[in-house]
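Beneath this line is the structure, given in structure tokens, with notes to follow.
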2 protein chains.
Amino acid sequence: MARILVGVDLGGTNVRVGAVTPAGELLDWKISPIEAANGPQAGVAKIAGMIEALLGSLPPAELAGIGIGSTGPIDRGRGAIQNPYTLPSWVDVDIASPLSARFAAPVILENDADAAAFGEAWAGAGRGMRRMAMVTVGTGIGTALILDGKIYRGMDGIHPEGGHMLIDPAGPECYCGAHGCWESLVAGPGIARLASAGAAKEGGAMLEMADGDPARVDARILVRAARQKDPTAVRAAEQVAFYLGLGLANIILLTLPDGIVLGGGVMAEYDLFAPGVRAVLDRHNSMVPASRVQILTAQLAGKSGVLGAARAALSELEEHN
Amino acid sequence: MARILVGVDLGGTNVRVGAVTPAGELLDWKISPIEAANGPQAGVAKIAGMIEALLGSLPPAELAGIGIGSTGPIDRGRGAIQNPYTLPSWVDVDIASPLSARFAAPVILENDADAAAFGEAWAGAGRGMRRMAMVTVGTGIGTALILDGKIYRGMDGIHPEGGHMLIDPAGPECYCGAHGCWESLVAGPGIARLASAGAAKEGGAMLEMADGDPARVDARILVRAARQKDPTAVRAAEQVAFYLGLGLANIILLTLPDGIVLGGGVMAEYDLFAPGVRAVLDRHNSMVPASRVQILTAQLAGKSGVLGAARAALSELEEHN
């Protein structure tokens with residue numbers, strides 16, 4: 001019987017479940033709202049149901065393992081989700097044990113940024129790179145590093161949080177307690193704040209698109225208006241590109257990867273920011289070949305997390321056999 | 001016959017040569033000015049003479065390999081030194097071939113920051129750490145990462161230059177072309193500029209120690225005056241600690257090592273800056289356990305480069321046997 005892996009991508013809004021072959025082929029997948037407010041028990045039951053339905057729809061196969069990439073913080077060793085900001089009421093939820101018992105397969109839990117990066121390295125934009133960094137820009141910024149086909153882990157196996165590296169000591173206060181973190185400047189809310197301030201001061205297309213309310217100007221509106229060459233939006237987009245570039249430059253100066261894969265909603269519009277980012281990297285090119293580092297957008301779209309979680313389960317099996 | 005390794009630490013001012021056992025014991029070492037202005041041929045001849053004298057003074061042993069840690073940029077693959085700022089006239093100097101021919105032993109070349117870090121990880125402050133970062137603060141700032149007993153290398157084996165990561169977009173222009181690099185803020189010249197500006201504006205003990213000439217205020221004077229509680233010097237030292245802490249925080253947020261070892265002349269005075277650094281790390285402690293990362297000063301003083309270069313030669317032999 002063919003072996004199969006299940007990958008689960010658990011976010012604050014949706015959960016995705018996919019069946020993946022050991023060769024990295026995604027056979028089928030499902031998506032559903034996680035409805036975090038219903039509590040963790042309902043959430044885990046929903047995930048179990050999705051896995052069951054998915055496996056039932058496929059030819060019989062041996063389930064070799066289940067990998068879960070979850071919004072953090074998580075406790076990898078115990079397979080527990082620890083009260084993420086985006087999953088309210090999920091306080092220290094052991095997700096590995098019930099799924100392992102139900103499906104009689106090993107279950108491993110990973111940080112979602114690591115899982116997405118692992119997916120892109122395995123079957124997406126990062127294929128063939130010995131050192132791949134991934135930066136996921138959404139509500140926050142997640143960073144991950146895949147070295148020689150393995151997830152890089154920090155002290156005690158803890159996932160580093162490059163999204164909170166400092167970019168501008170004069171920058172806005174971040175919820176983490178520091179000032180001018182990368183995430184506070186160019187994740188969704190930071191971009192919205194920047195665009196909103198520009199629209200409030202100068203008006204223009206962004207303010208019109210937000211029905212005259214600057215507080216409603218967000219990253220989406222910024223992108224739309226900048227593509228229409230609205231000068232205020234173009235300037236705001238340049239600012240975003242500048243800060244995005246500075247963070248990428250810091251990753252490059254410290255780790256000099258072969259490539260950086262950009263994921264998350266905002267990065268689907270990366271072409272708008274690319275010239276500004278390139279200008280920053282060219283300016284940091286004298287000490288290390290920053291301009292030679294490939295900057296690519298994620299190829300697997302919503303599926304990098306599912307594939308990477310499955311890959312993580314496979315790695316775990318390989319290490320123990 | 002016992003096996004022995006030779007480690008060479010080649011800087012812009014001095015060259016150190018040491019004989020090291022495969023167990024990490026430094027048997028003996030010598031130091032001499034490199035006199036870079038005399039050109040590379042004289043320099044390589046001097047190093048060869050030092051190795052010969054050193055080996056001649058020790059009981060007969062089999063020379064298993066020679067490792068050289070050199071101020072960069074270098075071409076590791078070709079064993080060539082490529083015109084470092086600190087070794088004028090050393091343009092693409094093949095140092096490996098002549099030494100290898102003369103001593104009938106393999107010669108490997110490493111970046112000096114990597115060699116120093118390897119030494120501290122092997123026989124100094126970083127012993128037992130799975131992930132060790134080292135930051136060497138002198139005329140510039142060098143960074144290195146030792147992962148699982150190996151030097152971390154970037155794209156094409158190139159040494160990353162974390163000293164040039166951005167810390168403050170409003171900071172001074174760096175010779176690398178960017179603004180507000182870590183090195184431009186807290187390496188020797190950056191510290192001197194900061195202290196000098198304070199002394200010019202406010203006078204005090206630093207100005208007295210510099211015989212009334214603010215341009216002569218340097219890091220040494222800053223440290224001396226701050227230890228005497230001169231308020232201007234204390235404020236400047238706090239600023240240095242702040243920027244030093246921000247760079248360490250970025251290393252931690254991106255790579256979360258078990259510890260960071262601080263080397264170089266300025267860091268011999270680290271206790272003066274430690275409270276300010278700790279305050280910054282505590283502020284960046286909510287996303288990753290930054291406060292748990294050990295911050296240690298180098299233990300091998302002037303010998304980390306020699307030991308690490310020998311260790312690098314040993315690694316090379318191990319990989320090929």
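Just so we're on the same page: letters track the sequence lines, and every chain starts at 1.
Heavy-atom pairs under 4.5 Å with chain A peak, among B/L145, B/I252, B/T143, B/I167, at B/I167. Between chain A and the residues B/V293, B/D156, B/T255, the most heavy-atom pairs under 4.5 angstrom are made by B/T255. Counting heavy-atom pairs under 4.5 Å between each of B/P169, B/S286, B/A178, B/G177 and chain A puts B/P169 at the top. No other option in A/G247, A/G162, A/A170, A/A144 has as many heavy-atom pairs under 4.5 Å with chain B as A/G162.
Note that NE2 of B/H284 and NE2 of A/H179 are 9.5 Å apart. Values are rounded to the nearest 0.5 Å. Separating the OH atom in A/Y152 from the CG atom in B/L147 is a distance of 5.0 Å, to the nearest 0.5 Å. In this structure, CG in B/L166 is found 9.5 Å from CE in A/M165, a value given to the nearest 0.5 Å. Expressed to the nearest 0.5 Å, how far SG of B/C176 lies from CG of A/N285 amounts to 10.5 Å. The distance from the CZ atom of A/R292 to the CE atom of B/M155 is 5.0 Å, given to the nearest 0.5 Å.
Neither the backbone nor the side chain of B/P73 has a heavy atom closer than 4.5 Å to any heavy atom of chain A. Residue B/A249 does not touch chain A at all, counting heavy-atom pairs closer than 4.5 Å. Contact annotation for B/R283: both backbone and side-chain heavy atoms come within less than 4.5 Å of a heavy atom of chain A. With a 4.5 angstrom heavy-atom cutoff, B/V280 does not touch chain A via any of its atoms.
Heavy-atom neighbours of B/R278 CZ from other residues, nucleotides or ligands within 6.0 Å: above the threshold of 12. For A/R193, the CZ atom sits in a packed shell: over 12 heavy atoms of surrounding residues, nucleotides or ligands are nearer than 6.0 Å.
For the pair A/R131 (side chain) and B/R153 (backbone), a donor-acceptor distance under 3.5 Å is present.
For B/P160 against A/L254, the heavy-atom pair with the smallest separation is CB-O, 3.4 Å.
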